[in-house]
Amino acid sequence: MNAPIPQAGIFPRKDRFEIPDGVIYLDGNSLGVLPKGAADRAAKTITAEWGQDLIKAWNTAGWMALPKVVGDKIAPLVGAQQGTIATGDTLSIKVYQAVAAALRMRPTRKVILSDNGNFPTDLYMARGLIDTIGKDHELRVVDPEAVADAITDEVAAVMLTQVDYRTGRMHDMDAITKKAHEAGAVMIWDLAHSAGAVPVDLTRSNAEFAVGCTYKYLNGGPGAPAFIYARPDIIEEVEPALAGWLGHDAPFAMELDYRPAMSTERLRIGTPAIVQLSILDEALDAFEGVTMDDIREASIRLSERFIQEVERRCPMLTLASPRNAAERGSQVSFKFEKGYEAVQALIDRSVIGDFRAPNIMRFGFTPLYLDEADVVRASEILEDVMKTEAWKDPKYAVRSRVT
Ligand SMILES: *Cc1c(COP(=O)(O)O)cnc(C)c1O
């Protein structure tokens, strides 16, 4: 990635994205928009590389190295050193890998600590792991505010998502990691709603593991591979529970016994999703020349403006996110009993946000392709939906599979 070019007006860079005409997209926290160049890149990967080079492309087109190339592009966005991030699989799988590795690092401790603001799959994966390894571990789930005090010397691993997917509430990563380490626990951060959204400094935090997905703020597209970070000094202690051949030190030696790679590559499992990775590789170029601090500054400006506009225009909505910007990620949520219906009415008017049960209307702010005029226009349309009660139209009450 090129060195950041400090200049005014670096946002938005809408010309780098394919945004449908008239759409105000406030859902980049769930699925980022299509970066220009991504479709061509995928087509090239399919027709030129796969189509023409066939199996040779693993070498000629650099497919085998692509997971690492992409990991190295994600690294500066989350404050990690080069070579410390492996990509592949889905986030759920990466959570499992991280927790399994953490438990093996603390064999005498039996508690995995998390909070009830975590995304369900992270908790499901931890429980599934406990069932697989003999059931004598405990997943302890407390309120987000109670996490720090719940870190005791029984805890093997603290597993938290930094930014709450519903409310945007943000944990203090450095402080909690420090607390975990003081108690002798391993720290795992899920950066699903942080990577590309807020500045993260994994190196400074000193956390052992971090995981995240790339289809949210990193714009890698539906099904884009996940990532996992392991602190470089502990890599030799990391025993992969999912020991796949591509995490082997010499995959093509085809040895019958597993011998892990001496780097983060040991957290790879099987054959990488090359088409998706090529898209992600292209998508990450949208971050060229900006720093996460630039993005944060713009994101706070957009979010504050949205809160101010919506609270003024829509008194029936209650802010569900922290009011203090420093405690909030890059999303703003409002509570409304008929939130599902209201979001459908908004989408019908080309303002795309989403809904999370039971009553959360969620709006994500992505300065790469959103400006203040979008935010004001979205709040005007929201005001109209609320004041005219347009959401009462029965067609908006029909629930789709994905909300
Ligand atoms: C989005 C998200 C997931 C999704 O996991 P997948 O395996 O990619 O479906 C998991 N955890 C958190 C915290 C998320 O925000």
Side-chain angles (χ1 to χ4, degrees), residues 27-33 67 70-71 74 77-78 85-100 102 112-129 139 141 144 147 157-171 173 176 187-198 200 202 207 209-229 241-242 267-270 272-273 276-277 279-280 283 320-321 328-333 353-357 360 362-366 401-403:
D27 214 357
N29 52 301
S30 205
L31 177 67
V33 302
V70 169
I74 295 170
L77 301 176
V78 292
I85 290 187
T87 57
D89 318 299
T90 68
L91 176 50
S92 303
I93 301 285
K94 283 347 212 182
V95 167
Y96 188 94
Q97 278 188 302
V99 180
I112 303 166
L113 179 68
S114 191
D115 71 31
N116 54 26
N118 208 342
F119 194 91
T121 201
D122 296 44
L123 303 175
Y124 303 161
M125 294 311 284
R127 281 202 198 98
L129 172 66
L139 175 64
V141 180
V147 166
V158 182
M159 172 188 78
L160 295 173
T161 296
Q162 188 194 14
V163 177
D164 185 303
Y165 73 103
R166 280 171 305 193
T167 63
R169 175 205 37 75
M170 189 158 59
H171 276 303
M173 195 160 159
I176 291 181
M187 187 72 225
I188 304 164
W189 285 106
D190 188 327
L191 304 178
H193 292 274
S194 310
V198 297
V200 172
L202 280 175
F209 296 99
V211 293
C213 53
T214 62
Y215 49 80
K216 293 172 181 164
Y217 293 91
L218 299 179
N219 311 311
F227 68 88
I228 183 164
Y229 162 90
L242 300 171
L267 293 167
R268 284 175 69 167
I269 302 175
Q276 286 283 182
L277 272 168
I279 294 171
L280 177 58
S321 300
R328 201 171 62 222
S330 202
Q331 67 176 69
V332 171
S333 302
D354 65 17
F355 170 79
R356 286 294 174 264
I360 301 274
R362 188 171 73 153
F363 305 95
F365 295 91
T366 48
R401 275 190 77 174
V402 175
T403 63

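What you see is a predicted model; the values in this text were computed from it and never measured. Atoms within a ligand are numbered from 1 in the order they appear, just like the ligands themselves.
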### Message
I need the minimum non-hydrogen distance between I112 and M159, along with the two atoms involved.
### Response
CG2-CB, 4.4 Å
Distances under 3.5 Å, N/O of ligand 1 against N/O of the protein: list each pair and its distance.
residue, atom, partner, partner atom, Å
ligand 1, 7 (O), T90, OG1, 3.4
ligand 1, 7 (O), L91, N, 3.3
ligand 1, 7 (O), S92, N, 2.8
ligand 1, 7 (O), S92, OG, 2.6
ligand 1, 8 (O), Y215, OH, 2.6
ligand 1, 11 (N), D122, OD1, 2.7
ligand 1, 11 (N), D190, OD2, 3.4
ligand 1, 15 (O), H193, NE2, 2.9
ligand 1, 15 (O), K216, NZ, 2.6

### Query
Going from OG on S30 to OH on Y217, what distance comes out if it is rounded to the nearest 0.5 angstrom?
9.5 Å
### Query
Distance-only, no hydrogens or angles: does the S321 side chain make a donor-acceptor pair with backbone N or O of S333 under 3.5 Å?
yes
### Query
Which one of D190, T161, L267 satisfies the side-chain contact (heavy atoms from CB on, under 4.5 Å) criterion with V211?
D190
### Task
Under the side chain to side chain contact (heavy atoms under 4.5 Å, CB included) rule, what do L202 and L191 come out as? Steps first, then yes or no, please.
CA-CA 10 Å; L202 280 175; L191 304 178; 4.1 Å; yes
### Query
If you look at every heavy atom in L280 and G220, which pair is closest and at what distance?
CD1-CA, 3.8 Å
